[in-house]
Amino acid sequence: MKHSAARYFALIPAAGIGARMASGCPKQYLPIGDKPMLRHTLDAFLSSGSIAHTYVVVSARDAYIDAIVPCGAASVLRCGGASRLESVRNALRALEGELHEHDWVLVHDAARPGLNAALIDKLIATVGDDPVGGLLALPVVDTVKRSGAHVHTVARDGLWLAQTPQMFRYKLLCDALAAATDASVITDDASAVEALGLSPKLVEGHPRNLKVTLPADIRIAEMYLAAP
Ligand SMILES: Nc1ccn([C@@H]2O[C@H](COP(=O)(O)OP(=O)(O)OP(=O)(O)O)[C@@H](O)[C@H]2O)c(=O)n1
Ligand SMILES: C[C@](O)(CO)[C@H](O)COP(=O)(O)O
């Protein structure tokens, strides 16, 4: 349920280099169908009536973003860091004084262009006024193996694959990320909140909201984005 007094802001970390994609430019600027990946992601928030404003965080040297963001449609924060954690933390610091402590922040990977307004509204409605927050995620459907000296199966009951957006109130998210030290362990916003002993709500997302990480993911994203 969306609360009329609540305000919802989107924060899109887009300061990565896409090393695993191994393309000529940062993957968030690769074309998917008729427009760059990041533009698809941005348009999902611009098409949602629930989002008061969208912020995109990029590296200080980013040479692509100005051609992507329609004038005034979103705010570009040139404070990207060496990790996703640092980029989000830097962006939250840059928004101090602009966001109120109870404002909701939906952090969403630029690399997940399949997001749509329906998934955004589902997350907002399902989280409601939860005291912690929540994230889109998918229940694991395959059998999971852990590699090592003796390969073994991990029980998949209760296992989910985290997606984004991950939504938390501004102050809680700032506090959680300020306390986070190891970007190799804190690989999403929810894990920083969990490290405080809190339990975010898991909201079932959709396979279309995949993270475009490897070259083969481009075709999958194109398929989903070609369908209305
Ligand atoms: N220093 C970083 C690293 C990542 N990201 C963003 O976090 C999201 C998820 O990260 P990932 O898919 O890993 O993107 P990259 O880090 O660019 O990919 P790779 O790990 O292959 O380099 C992406 O939208 C990416 O732009 C970011 O804002 N700042
Ligand atoms: C935030 C995330 O997309 C949730 O699954 C994921 O942790 C990002 O990982 P990456 O290594 O930064 O792509």
Side-chain angles (χ1 to χ4, degrees), residues 10-30 32 36-45 54-65 68-69 74-95 105-115 119-120 123 133-140 144 159-168 173 176-177 180 182-195 200-218 220-221:
L11 173 59
I12 303 175
I17 62 170
R20 289 170 286 183
M21 183 61 73
S23 63
C25 69
K27 66 181 180 183
Q28 56 271 33
Y29 298 114
L30 288 174
I32 294 186
M37 186 187 308
L38 176 55
R39 184 60 195 269
H40 286 286
T41 305
L42 180 59
D43 285 350
F45 288 109
T54 298
Y55 300 91
V56 185
V57 49
V58 299
S59 72
R61 301 171 307 285
D62 186 295
Y64 303 88
I65 188 67
I68 302 281
V69 178
S75 299
V76 176
L77 305 173
R78 289 181 173 274
C79 58
S83 65
R84 183 185 182 282
L85 167 62
E86 282 186 38
S87 294
V88 176
R89 182 162 52 197
N90 292 348
L92 293 173
R93 285 178 182 149
L95 295 174
V105 181
L106 285 73
V107 186
H108 181 71
D109 299 331
R112 292 182 186 269
L115 182 70
L119 286 169
I120 294 169
L123 177 64
L135 63 145
L136 292 180
L138 285 183
V140 169
V144 178
L159 289 187
W160 293 62
L161 297 175
Q163 296 187 332
T164 64
Q166 305 195 0
M167 67 179 274
F168 301 99
L173 192 52
L177 295 187
D182 187 347
S184 67
V185 172
I186 305 293
T187 53
D188 70 347
D189 317 289
S191 49
V193 173
E194 294 154 26
K201 191 181 286 258
L202 295 174
V203 180
E204 185 157 357
H206 193 282
R208 64 172 292 127
N209 189 32
L210 78 156
K211 184 162 64 72
V212 178
T213 308
L214 303 169
D217 299 329
I218 295 279
I220 299 170

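Here, residue 1 is the first one in the sequence, and each next residue gets the next number. Counting convention: from 1, in listed order, for ligands and their atoms alike.
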Non-neighbouring partners of Arg89 that pass salt bridge (Lys or Arg N to Asp or Glu O under 4.0 Å), sequence neighbours left out: none

Under 3.5 Å donor-acceptor, Asn209 side chain and His206 backbone: no

Any donor-acceptor pair under 3.5 Å from Thr187 side chain to Ser184 backbone: no

The one among Leu138, Asp109, Val107, Val212 that brings a heavy atom closest to atom 3 (O) of ligand 2: Asp109

Of the listed options Gln166, Lys211, Arg112, His108, closest to atom 9 (O) of ligand 2 (non-hydrogen atoms): Lys211

Ligand 1: protein residues within heavy-atom distance under 4.0 Å: Pro13, Ala14, Ala15, Gly16, Ile17, Gly18, Ala19, Arg20, Lys27, Gly81, Ala82, Ser83, Arg84, Ser87, Asp109, Ala110, Ala111, Lys211

Are [X] and [Y] side-chain neighbours, meaning at least one heavy-atom pair lies under 4.5 Å?
X      : Y      : answer
Phe45  : Leu115 : yes
Tyr29  : Ile68  : yes
Ile218 : Met21  : yes

Polar contact flag for Asp188 and ligand 2 (N/O pairs, less than 3.5 Å): no

Thr164, any N or O under 3.5 Å of ligand 2 N or O: no

CG/Leu161: more than 12 non-hydrogen atoms of other groups inside 6.0 Å: yes

Protein heavy atom at shortest distance from atom 7 (O) of ligand 2: Thr187 O, 2.9 Å

Protein residue, atom and distance nearest to atom 5 (O) of ligand 2, heavy-atom basis: Ala162 O, 2.8 Å

Side chain, backbone, both or neither: Arg20 near ligand 2, heavy atoms under 4.0 Å: side chain

Numbered atoms of ligand 2 (with element) below 4.0 Å of Arg84, judged on heavy atoms: 1 (C)

Evaluation steps, side chain to side chain contact (heavy atoms under 4.5 Å, CB included), between Gln166 and Leu106: CA-CA 5 Å; Gln166 305 195 0; Leu106 285 73; over 6 Å; no

Which residues share a side chain to side chain donor-acceptor pair (under 3.5 Å) with Ser87, sequence neighbours left out: none

Partners meeting side chain to side chain donor-acceptor pair (under 3.5 Å) with Arg84 (sequence neighbours left out): Asp109, Asp189

